[in-house]
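Note sheet for the following structure.
Source: prediction; values computed, not measured. The first residue of the sequence shown is numbered 1, and numbering continues consecutively from there.
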Amino acid sequence: MDPSKGEPNQKKAPKAMAKKETEEFQFVVYNTMTQQKEVFKPKIPGKVGMYVCGVTAYDFSHLGHARAAVAFDVLYRYLQHLGYEVTYVRNFTDVDDKIIRRANETGEDPLCLSDRYCKEYNVDMADLQCLSPTHEPRVSDHIEQIKDMITQIINKDFGYVVDGDVFFAVDKFPNYGKLSGQRLENNRAGERVAVDSRKRNPSDFALWKAAKPDEPSWNSPWGPGRPGWHIECSAMSAHYLSFKFDIHGGGLDLIFPHHENEIAQSCAACQETDVSYWMHNGHVTNNNEKMSKSLGNFFTIRQITEKYHPLALRYFLINAHYRSPLNYSVAQLEGASEAVFYIYQTLKDCQDALSKLQEEIPKDGKPAWTTPDAQECISKLCSEFQAKMSDDLSTSLILTGAFLEALKLVNNLLTMLKKKQQQKQRLLVIQSLIEVEKEVKKVLNVLGLQPPYSYTEVLLKLKEKALTRAGLVEDDVVHLINERAEVRRNKDFLRSDQMRADLQAKGIALMDVGTETIWRPCVPVQQEPEVVPSGGQKVPAETGQEKKASLDSI
């Protein structure tokens, strides 16, 4: 609505309404154990215990690790948004066969190597704006808890010792396979090494591994050695959250055998073990094949953020449902980069405008009034956000619809401010702008897309990354803009159009704003092939006067 066209039907900002709508939704999550969606009800009202399996720290983390971290970071943020006090535990595996092999290759101490990659992982997580968990335990710091749990398992006749190794006897646990539905005989070793002939059952898995030369080891009742892979998470989750907690998460590939073995171990150590919800994120694929280090088809987070802003990568990761497969695609990363540029450009324009209007904004503490359009927009955004997030974190459905409508309204309100209006009507537009911006930022905050630094910094960095992908520097673009301006003065619009198209093919969009030409990143647009008419002279498939680009379109 344009306030200049009459007295608006003024309404108060929808804070109370939004709260009422929020209360109508129940948070529903998909539970892998029951294979259905369930209403989330924590064991202790108002508090949530959540354990998520972290990385094995022997190399830089890849896109699959980023997806798991971002998926559960969104869950963490949303639970806090709902008012829960969350204890979030995400471990580091810093003692493992893969770490030892890599350390032997590099001539490094295994614990030093893993410590270095734990720190590098946290650098990546900070770049992706993942909140730090409440606790980040490492295996090497929890050997005593692990040995205590193994002792409990042996004392209850679920474990046995062979030459300093300790194995879990899966035959003793009748419910083995209840999470994955896997048959017992499919779990050959249940671990990361070949089948050991000393096992009573090939499916038995290691709880403790006897020491070998040049490997980290600790003393134990069964001799010097180190923990098996699976026992670490059972011991550390019990240590920080007890044997009864709300959410256990991780990647889809951990369901079997890792999480299956965790359940067996934990139940063997404590009969009252109970995890309410098992949640798993889907794979990241490359050409529809699971992305992993073992297959050699992965991209590290660093490789991607060299060319794309970490916020664009985060947008890409949450622009699909966390349980669905996510296929790596340069086109989707380009689209994500353009989308976040539009978001932050809109918010920067809004912030700039409001900073110049401080004297016009009432500071009497009274509730703000908004236009009917703003009221409807805010109400729809609140309702849609809560509905989609409460439905098993359907983040991909939030980034469209009401959210984009809200950004469009912000731009419309900014346009209105440039028109002459009566003071009362102008104030209404300003207050509407403030309230819509506030709701947009709330959504971004829960999704982890609200940057901790200025929008100007984000936009500059997004432009730097676009130039890197295009193989250009800022001076190159400025030179081409100046050259194109001269071409336009000579009325050579065919060449001018071609110059713009050439840059657009590299992901650089030119926009003529008045007498000035500015640029912004865009999705590279492949040019149409040249058409050869019957006369034999080549001409571009599209010619004619240039069309003005709009910052409001993405």
Side-chain angles (χ1 to χ4, degrees), residues 53-62 65 90-122 136-154 159-170 187-200 202-239 253-254 257-258 261-262 264-265 269 292-294 296:
C53 293
V55 297
T56 300
Y58 69 98
D59 202 347
F60 289 106
S61 295
H62 59 65
H65 298 140
R90 185 183 65 210
N91 75 298
F92 280 114
T93 297
D94 65 343
V95 179
D96 180 83
D97 294 334
K98 292 183 177 182
I99 295 170
I100 294 168
R101 281 197 295 270
R102 176 60 60 84
N104 288 338
E105 292 169 2
T106 61
E108 203 170 346
D109 176 78
L111 289 176
C112 290
L113 180 140
S114 59
D115 177 67
R116 178 159 55 87
Y117 284 116
C118 287
K119 291 174 181 175
E120 296 289 3
Y121 175 83
N122 280 334
E136 290 185 283
R138 301 187 187 190
V139 176
S140 61
D141 294 328
H142 295 78
I143 300 298
E144 292 306 313
Q145 289 87 353
I146 291 170
K147 289 191 292 186
D148 288 345
M149 179 170 280
I150 294 173
T151 299
Q152 293 174 36
I153 292 171
I154 292 172
Y160 59 95
V161 182
V162 181
D163 302 327
D165 290 309
V166 182
F167 296 102
F168 186 91
V170 293
N187 181 27
R188 298 301 300 165
E191 52 182 319
R192 300 181 176 186
V193 295
V195 174
D196 190 329
S197 60
R198 299 172 301 157
K199 295 178 181 179
R200 297 175 184 172
S203 297
D204 293 349
F205 55 89
L207 300 173
W208 186 262
K209 297 183 177 184
K212 295 178 182 177
D214 301 321
E215 289 189 357
S217 65
W218 291 262
N219 291 326
S220 78
W222 321 285
R226 58 186 173 88
W229 176 36
H230 312 294
I231 191 67
E232 64 186 67
C233 289
S234 289
M236 289 189 286
S237 62
H239 177 69
D253 55 322
L254 296 181
H258 185 53
N261 291 350
E262 274 195 66
Q265 294 165 158
S292 71
K293 289 178 181 175
S294 59

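Of all heavy-atom pairs between T93 and I99, the closest is O-CD1, 3.3 Å. Of all non-hydrogen atoms in L113 and Y58, the two that sit nearest each other are CD2-CA, 3.7 Å. Closest non-hydrogen pair, K147 versus N219, comes out as NZ-O, 2.7 Å. When all heavy atoms of R138 and C118 are compared, the closest pair comes out as NH2-CB, 3.5 Å. Minimum heavy-atom separation, S234 to E262: OG-O, 3.2 Å. I231 and Q265 make their closest contact through N-OE1, 3.3 Å (heavy atoms, listed as atom of the first residue, atom of the second, distance).
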Can you check ring pair (Phe, Tyr, Trp, His ring centres under 6.0 Å) on F205 and F167, steps first, answer last?
CA-CA 5 Å; F205 55 89; F167 296 102; 9.2 Å; no

Run the salt bridge (Lys or Arg N to Asp or Glu O under 4.0 Å) check on D59 and K98 step by step: do they pass?
CA-CA 10 Å; D59 202 347; K98 292 183 177 182; over 6 Å; no

Worked check of side chain to side chain contact (heavy atoms under 4.5 Å, CB included) between Y160 and K199:
CA-CA 9 Å; Y160 59 95; K199 295 178 181 179; 3.7 Å; yes

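Note on ring orientation: taking the six-membered ring where Trp is involved, the planes of H230 and H258 are tilted (angle from 30° to 60°).
In this structure D109 satisfies the side-chain hydrogen bond (donor to acceptor under 3.5 Å, both in side chains) test with no other residue, sequence neighbours excluded.
Atom CD1 of I100 is separated from atom CG of L111 by 9.0 Å, given to the nearest 0.5 angstrom. Of the inter-residue distances, the one linking I143 atom CD1 with W218 atom CH2 reads 4.5 Å to the nearest 0.5 angstrom. Between the SG atom in C53 and the CG atom in D253 there is a gap of 10.0 Å [rounded to 0.5 Å]. Taking CZ of R102 as the start and CG of N104 as the end, the distance is 11.5 Å to the nearest 0.5 Å.
No donor-acceptor pair closer than 3.5 Å links the side chain of D94 to the backbone N or O of S114.
Between D97 and R101 no salt bridge is recorded (no basic side-chain N to carboxylate O distance below 4.0 Å). Taking 4.0 Å as the cut-off between side-chain N and carboxylate O, R116 and E108 count as a salt-bridged pair.
When each of D204, I150, I153 is paired with F168, the side chain to side chain contact (heavy atoms under 4.5 Å, CB included) condition holds for I153 and for no other.
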